[in-house]
Amino acid sequence: MHHIGLRGRLFLSHIVVMMMGLATLIVIGQIYTTRLFMEHIQTLEYRGFLLYSIRGKLLTGFESAWGRGAFWSVIFGGSAAAALSYLLSKRIMQPLLQMQRITTKFAAGEMTARMPMSDIPELNRFAESFNRMALALDNVEQRRRELVSDLTHELRTPLTIVEGYLEGLADGTIDASPDIYQRLSGETQRLKRLVNDLQELSKAEAGYLPIDAKKFDLQSLLKQLCDRFNDQLIESEKQLILSIPHDIPRAYSDPERVEQILINLLGNALCYTSEGSVTMRAEVKQGMLWVSVIDTGIGISEEDLPHIFERFWRSDRSRNRKSGGTGIGLAITKHLVELQQGTIQVESIFGQGSTFRFSIPIAQKTIIPEKRESN
Ligand code: ADP
């Protein structure tokens, strides 16, 4: 029985059921109909019909008629049932075989292969969940391809520059000078930063960045960051301002990741703001803690805004290459926020400044009314 396929099993089970039915019919029929026939003859005899002499003949005649009837019933009924059973098992097998073909295709790399819908609800549910999985895998595959192509593009530029300098130095068309070595070192540093960022991004995209959520004091984290950045701003025209209500509730997320998010946002804000201020604000809204980083810098144009969180995206490639940006920071930031059940938003007016704000969960459920917040 172990090597019989599903179709064979279905067929066999139908046949067994049918045989049981027929056998019961014949045995019971044989016993009862003969008895009933005999009773009928007796009733007729009581009424005065003289059947005594032909009783035996009648009985054998009846038995042979019954026998022949039963025989043909078995032949016709049996073959009709067998044919029906064959068709039924085929109908169940066909979508299964088709599904098998599709999964094989999919496994062989044909990512667009999808299951057709079937009229058997269980198979339909199976097809639906397979299709969901296929779509998810297809997306991952697509992202992987995009990443590789973005990556080669990003790596090629500094490599070409380094190669050019090195060849020039080798054949003497470029004179070795501290400035040249500085530029070479700059490009290799850029490569290193790119590789580090990429590692972080790939972890974030795969969801492998560990998030160690706990209750923590957002206020002290923001103060600490503010002090740290202000130390670097002593001689500049810029100012970093902290605006946080004194009764802000504790946050529930990973303080290190929140710090990483803020370092990215503050770094950008300060980088793209030459004068004016950068404000860090925290508030409670819609049951979440919202932290905003508001700058008075160059701003982002309306057409650039939708792309801002895409990886490798920079508003002006040549300008930002000088500033050392890789265009990965905000992509990582977005993943970090989302991994902690938050959302990130951006608003900006070109030439006037930008506001990045993100949310993180509150530790305790008590929501502080907004009117009690003081800036
Ligand atoms: P990068 O490493 O290049 O800064 P990001 O992903 O952090 O990469 O930012 C992507 C791009 O978004 C930047 O190159 C810049 O053009 C734009 N951008 C980010 N933050 C700001 C900001 N506060 N003001 C203006 N432009 C910004």
Side-chain angles (χ1 to χ4, degrees), residues 143 146-147 150-151 153-158 161 186-205 209 222 225-226 229-230 232-233 236-243 257-281 290-339 342-358:
R143 274 214 300 278
E146 275 170 23
L147 184 65
D150 286 347
L151 194 62
H153 177 83
E154 289 299 315
L155 287 174
R156 194 170 290 130
T157 322
I161 297 174
E187 289 303 325
T188 48
Q189 267 167 26
R190 197 185 138 66
L191 277 172
K192 194 167 147 195
R193 209 169 35 234
L194 186 68
V195 170
N196 287 344
D197 280 358
L198 266 173
Q199 191 178 25
E200 197 77 355
L201 177 70
S202 88
K203 280 191 204 156
E205 289 200 335
L209 278 187
L222 295 189
L225 270 172
C226 195
F229 274 85
N230 262 327
Q232 298 166 18
L233 293 177
S236 90
E237 317 237 314
K238 290 176 274 190
Q239 239 189 321
L240 182 56
I241 303 164
L242 183 61
S243 152
R257 299 300 180 194
V258 174
E259 187 178 339
Q260 204 178 345
I261 294 167
L262 280 165
I263 289 176
N264 281 347
L265 294 181
L266 285 174
N268 278 348
L270 292 169
C271 173
Y272 300 110
T273 305
S274 44
E275 56 184 46
S277 64
V278 173
T279 309
M280 231 191 322
R281 173 184 295 164
W290 286 84
V291 184
S292 323
V293 175
I294 307 153
D295 69 49
T296 57
I298 57 169
I300 303 153
S301 70
E302 213 171 304
E303 74 220 45
D304 287 348
L305 266 184
H307 306 288
I308 201 89
F309 294 110
E310 284 171 19
R311 57 164 118 81
F312 298 115
W313 188 90
R314 279 162 301 186
S315 65
D316 176 344
R317 294 199 161 230
S318 54
R319 184 198 68 211
N320 288 314
R321 177 149 290 139
K322 277 193 216 117
S323 75
T326 52
I328 299 178
L330 284 177
I332 296 177
T333 303
K334 185 168 193 278
H335 280 293
L336 285 178
V337 171
E338 284 169 0
L339 281 174
T343 37
I344 186 162
Q345 300 167 350
V346 58
E347 267 167 37
S348 187
I349 298 174
F350 192 58
Q352 286 186 24
S354 322
T355 299
F356 285 85
R357 77 169 73 79
F358 66 94

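Order of appearance sets the numbers: ligands from 1, and atoms from 1 within every ligand.
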S.K.: Of the side chain and backbone of T273, name the one, both, or neither that has a heavy atom under 4.0 Å from an atom of ligand 1.
M.R.: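 Answer for T273: neither.
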S.K.: Side-chain contact test, heavy atoms from C-beta onward, threshold under 4.5 Å: evaluate it for K238 versus F229 and give yes or no.
M.R.: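 Contact flag for K238/F229 side chains = no.
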S.K.: With heavy atoms only and a cut-off of under 4.0 Å, state how F356 meets ligand 1: side chain, backbone, both or neither.
M.R.: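 Under 4.0 Å from ligand 1, F356 contributes side-chain atoms alone.
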S.K.: Measure from atom 1 (P) of ligand 1 to every heavy atom in G327, S348, G353 and give the option owning the shortest one.
M.R.: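 Among G327, S348, G353, the closest heavy atom to atom 1 (P) of ligand 1 belongs to G327.
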S.K.: For residues R257 and L336, report the shortest heavy-atom separation together with the two atoms involved.
M.R.: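 In this case the closest contact between R257 and L336 is CD-CD2, 3.8 Å.
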S.K.: Less than 4.5 Å apart, any side-chain heavy atom of L151 and any of L198?
M.R.: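 Yes - at least one pair of side-chain heavy atoms lies under 4.5 Å apart.
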S.K.: Taking 4.0 angstrom as the limit and counting only heavy atoms of G299, give me the atoms of ligand 1 inside it, by number and element.
M.R.: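 Close to G299: 25 (C).
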S.K.: If you measure every N/O of W313 against every N/O of ligand 1, is any gap under 3.5 Å?
M.R.: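 No; every N/O pair is 3.5 Å or more apart.
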S.K.: Parallel, tilted or perpendicular: which one describes the rings of H307 and W313, with boundaries at 30° and 60°?
M.R.: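 Correct class here is parallel.
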S.K.: Under a 4.0 angstrom heavy-atom cut-off, which atoms of ligand 1 come close to I308?
M.R.: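 Contacts of ligand 1 toward I308, numbered from 1: 12 (O), 17 (C), 18 (N).
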S.K.: Tell me, yes or no, whether the heavy-atom count around K334 atom NZ, taken from other residues, nucleotides or ligands under 6.0 Å, exceeds 12.
M.R.: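 No, because the 6.0 Å sphere around NZ of K334 holds 12 heavy atoms or fewer from other groups.
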S.K.: Mind checking the CG-CG spacing from D197 to N264? Nearest 0.5 Å is all I need.
M.R.: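 D197 atom CG to N264 atom CG measures 8.0 Å (nearest 0.5 Å).
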S.K.: Looking at every heavy atom in both S354 and S348, which two are closest together, and how far apart are they?
M.R.: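 Taking every non-hydrogen atom into account, OG-OG, 3.0 Å.
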S.K.: Taking a cutoff of less than 4.0 Å between a non-hydrogen atom of the residue and any ligand atom, is G297 in contact with ligand 1?
M.R.: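 Distance cut 4.0 Å: G297 fails for ligand 1.
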S.K.: Answer with side chain, backbone, both or neither: which part of L330 has a heavy atom less than 4.0 angstrom from an atom of ligand 1?
M.R.: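 It is both backbone and side chain that touch ligand 1.
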S.K.: At a 4.0 Å threshold, what atoms of ligand 1 neighbour a non-hydrogen atom of I328?
M.R.: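 Here the atoms of ligand 1 in question are 6 (O), 8 (O).
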